[in-house]
Protein chains: 2
Amino acid sequence: MKTLRRPKIRDQVANQIQQYIVSEKLGPGDRLPTESKLAETFGISRMSLREATKALEFLGIVESKAGVGLTVRCIDMERLTEHLSFHAGLLEADPQQLIDSRVILETGVLPHVVQRMKKDPAIEAGLREIVRQFESARDLKTFIAIDIQFHRSLLEASGLQPLVAFGDLLHVFFQRFRESVKKAGWKEGVESHRRLIDHLAAGNLDKATAELRKHIESHKERS
Amino acid sequence: MKTLRRPKIRDQVANQIQQYIVSEKLGPGDRLPTESKLAETFGISRMSLREATKALEFLGIVESKAGVGLTVRCIDMERLTEHLSFHAGLLEADPQQLIDSRVILETGVLPHVVQRMKKDPAIEAGLREIVRQFESARDLKTFIAIDIQFHRSLLEASGLQPLVAFGDLLHVFFQRFRESVKKAGWKEGVESHRRLIDHLAAGNLDKATAELRKHIESHKERS
DNA sequence: GATGATCTTATTGTAAGATAATCCAATCAC
DNA sequence: GTGATTGGATTATCTTACAATAAGATCATC
């Protein structure tokens, strides 16, 4: 039997504030009542209310400026991944699951990428430009950064925003064992990316999928 | 030109605390110094420090209990989706993108599902049980709840934890226009789920994929 | 009258201290 | 030994106060 803790005031208040935002149909930029007013409304001290609002501010739900007050804010995906990345070090994730997830995600968007490539030549140009940057990479850190950018661009090329966000999250967890890439793998990695684009440009979906799958799964042996 | 705000103490402190956790190699369950100690260390008042710790607690990074102190906590995916769901109302997402993303995610895991189904008969039994519940659904709300559970179980059956989380996030955004499901679609929906399981159990990947794709894309017309 | 500096006011930011609630462990009674 | 009690440590919450900031009002000057 677990000792059920008394629900903390600030959590209740934080929820109440969120409900207030919804019920009043407030959107980004709209103002909330002052801290004093809110505290009085909820029947708590201003300090306790602040702990709730500060938490919401940290989550990117509201913004507070001295002399102005509280305003509703739009969500900030960057902020989210930023905090998630902190957990990456603590969290344990099965490398095989991460690899499989990436394969599904990235090979899944390829049909969309091929389709959009036909309409917009800038997509292919952008990807090829990144591959060129690979060749000038001098150290591992740069190489990894470019690799991440390439795969992100690939997802972006699909035009599916949600999957881009998911890709970012996966990369955060990937980071840890990504650094095990050997220098020997560099050249092959660059070539692999180039072949992938060639297949995509030619509309050869099957070959592109196989190439990408092989590339991602090559992380397995290195870990 | 943007007015550059003075960096707020609590944000700096929140980062300092995170750095402290990392530098001391603290893991879930480990304890942090007391509020007073930390405040003294950082040279700020206890109140400011609290605003930082409370924010971190809200994010699920630390936990504070009266009489115990601050302890490092593991990330809480539920908490995360909970807060994201709040933003769903404010955020606008392209329905077509959501549908395409779901198709990629759910059809992508099917090969894994088929493979795991062969080894563990409990998986098929679990999915069929959910389909049975569909038939006893009396109102739209229940129907939707079961539908969500079915698709979640499908992702879970793949054994790929990250994708389960991503599926949850997508469903949050889906909610809005999911309620447009017509009663006429019920029966067809139940049948579609049943056929999907049949194809999976038979190891017929192509048919299963086609069935699932059709099912998800049927949301398009209803929106 | 227009313009820029200054003052006022409202609001959040930070601080220090006090009291209550909670938990853990050591102590004590049996 | 075992269970209840107590004490110390720690957070939870409140109170009060003052500093910092920003927006608008006022006023002097040209």
Side-chain angles (χ1 to χ4, degrees), chain A residues 1-18 20-21 24 26 28-73 76 79, chain B residues 1-18 20-21 24 26 28-73 76 79:
Chain A
M1 184 87 180
K2 244 185 178 176
T3 62
L4 52 136
R5 290 199 305 283
R6 191 181 59 160
K8 288 166 191 165
I9 279 194
R10 60 167 170 283
D11 287 334
Q12 301 174 16
V13 172
N15 284 329
Q16 280 184 292
I17 293 175
Q18 291 191 354
Y20 178 86
I21 293 176
E24 296 291 323
L26 298 183
D30 289 340
R31 289 189 49 182
L32 273 69
T34 71
E35 290 182 347
S36 309
K37 277 260 172 57
L38 284 174
E40 191 183 352
T41 303
F42 297 138
I44 61 171
S45 76
R46 189 182 149 219
M47 273 342 285
S48 292
L49 180 117
R50 271 179 72 79
E51 292 189 351
T53 59
K54 294 313 118 183
L56 292 180
E57 184 179 8
F58 221 81
L59 288 170
I61 292 179
V62 302
E63 179 175 13
S64 86
K65 283 204 291 192
V68 180
L70 296 163
T71 53
V72 178
R73 198 154 157 255
D76 192 339
R79 188 157 205 127
Chain B
M1 188 87 181
K2 247 186 178 176
T3 62
L4 51 133
R5 289 201 309 279
R6 192 182 59 163
K8 287 168 192 168
I9 282 193
R10 61 168 170 282
D11 286 336
Q12 299 175 17
V13 173
N15 284 329
Q16 279 184 293
I17 294 175
Q18 291 192 355
Y20 178 87
I21 295 176
E24 298 289 324
L26 298 183
D30 290 340
R31 289 189 46 182
L32 273 70
T34 70
E35 290 183 346
S36 310
K37 276 260 172 56
L38 283 173
E40 192 182 352
T41 302
F42 297 140
I44 59 171
S45 77
R46 188 177 157 229
M47 213 52 233
S48 294
L49 181 117
R50 271 181 73 79
E51 291 187 352
T53 58
K54 295 316 118 185
L56 291 179
E57 184 179 10
F58 223 77
L59 288 170
I61 291 178
V62 303
E63 178 173 14
S64 87
K65 282 204 291 192
V68 181
L70 295 163
T71 52
V72 179
R73 196 150 160 261
D76 193 336
R79 190 155 203 126

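Residue numbering restarts at 1 for every chain, and letters A, B, ... go by the order of the sequence lines. Only this structure's heavy atoms are used, side chains among them; waters, hydrogens and symmetry mates stay out.
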Visitor: From CG of Leu70(B) over to C1' of dC23(C), roughly how many Å is that when rounded to an integer?
Guide: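 It works out to 14 Å between those atoms.
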
Visitor: Mind checking what makes side chain to side chain contact (heavy atoms under 4.5 Å, CB included) contact with Ala55(B), not counting sequence neighbours?
Guide: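 Only Phe58(A) meet the side chain to side chain contact (heavy atoms under 4.5 Å, CB included) criterion with Ala55(B).
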
Visitor: Check the pair Lys54(B), Glu51(B) against side chain to side chain contact (heavy atoms under 4.5 Å, CB included), reporting the backbone distance first and the verdict last.
Guide: CA-CA 5 Å; Lys54(B) 295 316 118 185; Glu51(B) 291 187 352; 5.9 Å; no

Visitor: Tell me: CD of Glu63(B) to P of dA12(D), nearest whole Å?
Guide: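 Whole-Å distance recorded here is 10 Å.
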
Visitor: Does Lys54(B) make a side-chain N or O approach to OP1 or OP2 of dT11(D) shorter than 4.0 Å?
Guide: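 It does not, given that no N or O in the side chain of Lys54(B) lies less than 4.0 Å from OP1 or OP2 of dT11(D).
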
Visitor: Can you see if the side chain of Arg50(B) gets near the phosphate of dA12(D) - specifically, an N or O under 4.0 Å from OP1 or OP2?
Guide: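 So the side-chain polar atoms of Arg50(B) do come within 4.0 Å of the phosphate oxygens OP1 or OP2 of dA12(D), strictly under.
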
Visitor: Provide, to the nearest angstrom, the distance between the CG atom belonging to Leu49(A) and the C1' atom belonging to dA12(D).
Guide: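 Answer to the nearest Å: 15 Å.
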
Visitor: Under the salt bridge (charged side-chain N to carboxylate O under 4.0 Å, His left out) test, which residues partner Arg46(B), sequence neighbours left out?
Guide: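 If we apply the salt bridge (charged side-chain N to carboxylate O under 4.0 Å, His left out) test to Arg46(B), skipping adjacent residues, the hits are Glu35(B).
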
Visitor: Kindly write out the residues that satisfy side chain to side chain contact (heavy atoms under 4.5 Å, CB included) with Glu40(B), not counting sequence neighbours, or none if the list is empty.
Guide: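 Per chain and number, Glu40(B) pairs via side chain to side chain contact (heavy atoms under 4.5 Å, CB included) with no residue.
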
Visitor: Please enumerate all residues that pass side chain to side chain contact (heavy atoms under 4.5 Å, CB included) together with Thr34(A), with sequence neighbours excluded.
Guide: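 If we apply the side chain to side chain contact (heavy atoms under 4.5 Å, CB included) test to Thr34(A), skipping adjacent residues, the hits are Ser36(A), Lys37(A).
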
Visitor: Tell me the interatomic distance from Glu51(A), atom CD, to dA12(D), atom P, rounded to whole angstroms.
Guide: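 After rounding, the gap between these two atoms is 8 Å.
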
Visitor: Go nucleotide by nucleotide along DNA chain D from the 5' end; which of Met47(B) and Val68(B) gets its closest nucleotide reached first?
Guide: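 Nearer the 5' end of the strand: Val68(B).
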
Visitor: Hey, does the side chain of Ser48(A) come within less than 4.0 Å of dC14(D)'s phosphate (OP1/OP2), counting only N and O?
Guide: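 Answer yes for this pair, as a side-chain N or O of Ser48(A) is under 4.0 Å from OP1 or OP2.
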
Visitor: Under the side chain to side chain contact (heavy atoms under 4.5 Å, CB included) test, which residues partner Thr71(A), sequence neighbours left out?
Guide: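 Scan of Thr71(A) (side chain to side chain contact (heavy atoms under 4.5 Å, CB included), adjacent residues dropped) gives Arg31(A), Glu63(A).
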
Visitor: Output the rounded distance in Å from CD (Gln12(A)) to P (dA12(D)).
Guide: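 These atoms are roughly 14 Å apart.
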
Visitor: Would you indicate, yes or no, if dT11(C) has its OP1 or OP2 atom less than 4.0 angstrom from a side-chain nitrogen or oxygen of Ser64(A)?
Guide: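 No, Ser64(A) has no side-chain N/O under 4.0 Å of OP1/OP2 on dT11(C).
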
Visitor: Let's see if you get this right: which residues in residues 32-46 of chain A place a heavy atom under 4.0 Å from DNA chain C?
Guide: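 By residue number: Thr34(A), Glu35(A), Arg46(A).
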
